[in-house]
Amino acid sequence: MADFHHFDPTPCHFPIPGAPVLPAWRGADLHWSPAGESELLDGPGVRHYSRGRYALHAALEASGVGQGAVLLAPAYHCLTMVDPALALGAGFRCYGTDEHLVPDLAQVRALLDAADGAVKAVLVPHYFGIEQPPAVMAQLLALCRSHGATLIEDCSHAWQVAARRVRAGVADGVLLVGSPYKFFACEDGGILWGPPARLAGLAPRALPWRDELRGLRDAWVRNRAAHRAPVAVYGAAKAMTGKATAVGGDATGGGRGVHSVERRQRPSAQYRPELEGVGGLRLSRWIMRRTDVEQVAQARRQHYRQWLQAVQHLAAARAPHPTLADDCAPYMFPLLLADPEPQFYALKRAGVPVWRWDNMALSDCPVGARYRLSLLHLPCHQGLSAEQMTWLTSTVARVLS
Ligand SMILES: Cc1ncc(COP(=O)(O)O)c(C=O)c1O
């Protein structure tokens with residue numbers, strides 16, 4: 001049983017965002033012959049699912065997480081990071097992090113010691129695509145090994161961190177999970193990587209072909225919506241005139257969201273148990289194989305730097321990661337608001353595509369508590385046009401000035 005913060009935005013009637021949060025497929029971006037990444041997509045150390053959450057479910061199961069066992073998860077998390085543990089009938093405890101979301105090693109150690117062998121897995125995300133410090137990861141692995149737990153590196157935001165690990169050979173005691181649809185322009189995807197012997201019993205069932213057709217239709221619809229020109233301008237016009245309202249709302253006014261706390265021991269509504277043990281779309285793998293990963297990474301870095309420039313002089317918000325390693329492929333641009341209550345609403349009403357982890361388990365980590373409402377995730381993916389990026393960055397700078 002755990003207590004979760006819950007935020008219901010329904011009364012806000014926020015307008016439809018003016019640009020897509022995730023990349024959509026564009027035929028022109030794809031190579032006709034496979035462009036690489038085959039070690040990451042095929043072989044005995046790889047298993048495909050439809051989302052990262054189901055890959056994580058498989059990783060937890062392979063780590064012995066079940067009734068009576070415990071997962072250690074970071075205090076700053078989204079629900080799909082802890083849902084799989086609840087689905088397995090296990091519990092979870094949260095460890096704290098510093099302001100850069102680096103795990104507090106002393107807390108992890110204390111939780112492992114106190115659990116007396118019940119902790120079977122420790123989940124550590126590379127948030128926003130930014131790799132956790134290698135020295136911290138090495139110490140976490142040593143702690144996990146000495147306490148009989150598996151270190152699960154959550155690469156859902158960090159395709160390139162997963163790529164480096166897989167190419168080097170996944171270490172003993174480690175499993176990796178990924179969420180390719182956040183990086184590639186595909187409709188679904190969740191990947192589990194590990195030493196082949198640990199994955200031996202896992203054989204995800206293939207999806208029926210009618211699901212592939214549904215995936216193709218969804219890709220087509222999403223692609224058209226994402227590139228309907230000029231989407232960003234449409235969003236900007238809505239925000240300025242308040243005329244083009246969506247989902248029955250008012251772009252300039254509207255209600256406030258409702259905050260509550262809910263107690264439950266079952267996974268959230270975002271988790272579908274019937275998708276456990278089921279493979280992802282072949283179409284998604286086809287797209288992954290034909291994508292030039294370096295080109296994607298470069299576009300993301302360029303957009304991230306454009307965001308940095310746009311917010312560098314703002315007093316009301318700051319970038320918690322103001323530099324980017326040359327080999328980093330960022331997932332989103334994190335922006336920390338000084339005063340989230342008015343700022344979040346103002347940005348949403350301006351049509352800015354904002355993600356925020358407002359639903360998460362209660363913990364005593366002050367960073368998790370603060371970031372829940374004040375840390376925004378803003379898109380910087382390769383599918384954004386120059387026009388969309390200009391609109392996004394200038395709208396955010398204007399709203400927060
Ligand atoms: C850090 C992290 N881990 C895991 C997940 C779950 O991934 P998926 O959406 O593919 O189930 C998410 C989802 O947003 C995430 O942000």
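Read the numbers this way: they start at 1 and go in the same order the structure lists the ligands and their atoms. Owing to the predicted nature of the structure, the values given are computational and were not obtained by experimental measurement.
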Within ligand 1, which atoms have a heavy atom of [X] less than 4.0 Å away?
X    : result
W357 : 1 (C), 16 (O)
T80  : 5 (C), 6 (C), 12 (C), 13 (C)
S179 : 7 (O), 8 (P), 10 (O)

I need the contact type for [X] against ligand 1. Using non-hydrogen atoms and a strict under-4.0 Å cut-off, is it side chain, backbone, both or neither?
X    : answer
K182 : side chain
M81  : side chain
Y127 : neither
Y76  : neither

Review point. Heavy atom of Y181 under 4.0 Å from ligand 1?
Key: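 Yes, Y181 has heavy atoms under 4.0 Å from ligand 1.
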Practice item. Determine whether any heavy atom of C78 lies closer than 4.0 Å to an atom of ligand 1. Key: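 Yes, C78 has heavy atoms under 4.0 Å from ligand 1.
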[X] and [Y]: aromatic ring centres closer than 6.0 Å?
X    : Y    : answer
Y54  : Y271 : yes
W159 : F184 : yes
F128 : H377 : yes

Give me the residue, atom name and distance of the protein heavy atom closest to [atom].
atom                    : value
atom 11 (O) of ligand 1 : R53 NE, 2.6 Å
atom 4 (C) of ligand 1  : S156 OG, 3.1 Å
atom 3 (N) of ligand 1  : D154 OD2, 2.6 Å
atom 16 (O) of ligand 1 : H157 NE2, 2.7 Å

Check your understanding: Does an N or O from Y331, backbone or side chain, lie closer than 3.5 Å to an N or O of ligand 1?
Key -> no
Check your understanding: Should P125 be counted as touching ligand 1, given the test is an N or O pair under 3.5 Å?
Key -> no
Point to revise | Closest approach of S156 to K182 (non-hydrogen atoms, all atoms of both residues) | key: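 Looks like O-CD, 3.5 Å.
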**Study point:** Given L105, V108, L112, the one that forms side-chain contact (heavy atoms from CB on, under 4.5 Å) with Y95
**Key:** V108
Are [X] and [Y] close enough that some pair of their side-chain heavy atoms sits under 4.5 Å apart?
X    : Y    : result
K120 : V70  : no
Q343 : L400 : yes
C144 : T150 : no

Check your understanding: Has R214 got its NZ or CZ under 6.0 Å from the middle of the six-membered ring of W209, at an angle within 45 degrees of the ring axis?
Key -> no
Review point. Are R318 and E99 close enough for a salt bridge, meaning some N to O gap below 4.0 Å?
Key: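 Between E99 and R318 there is a salt bridge, with a charged N closer than 4.0 Å to a carboxylate O.
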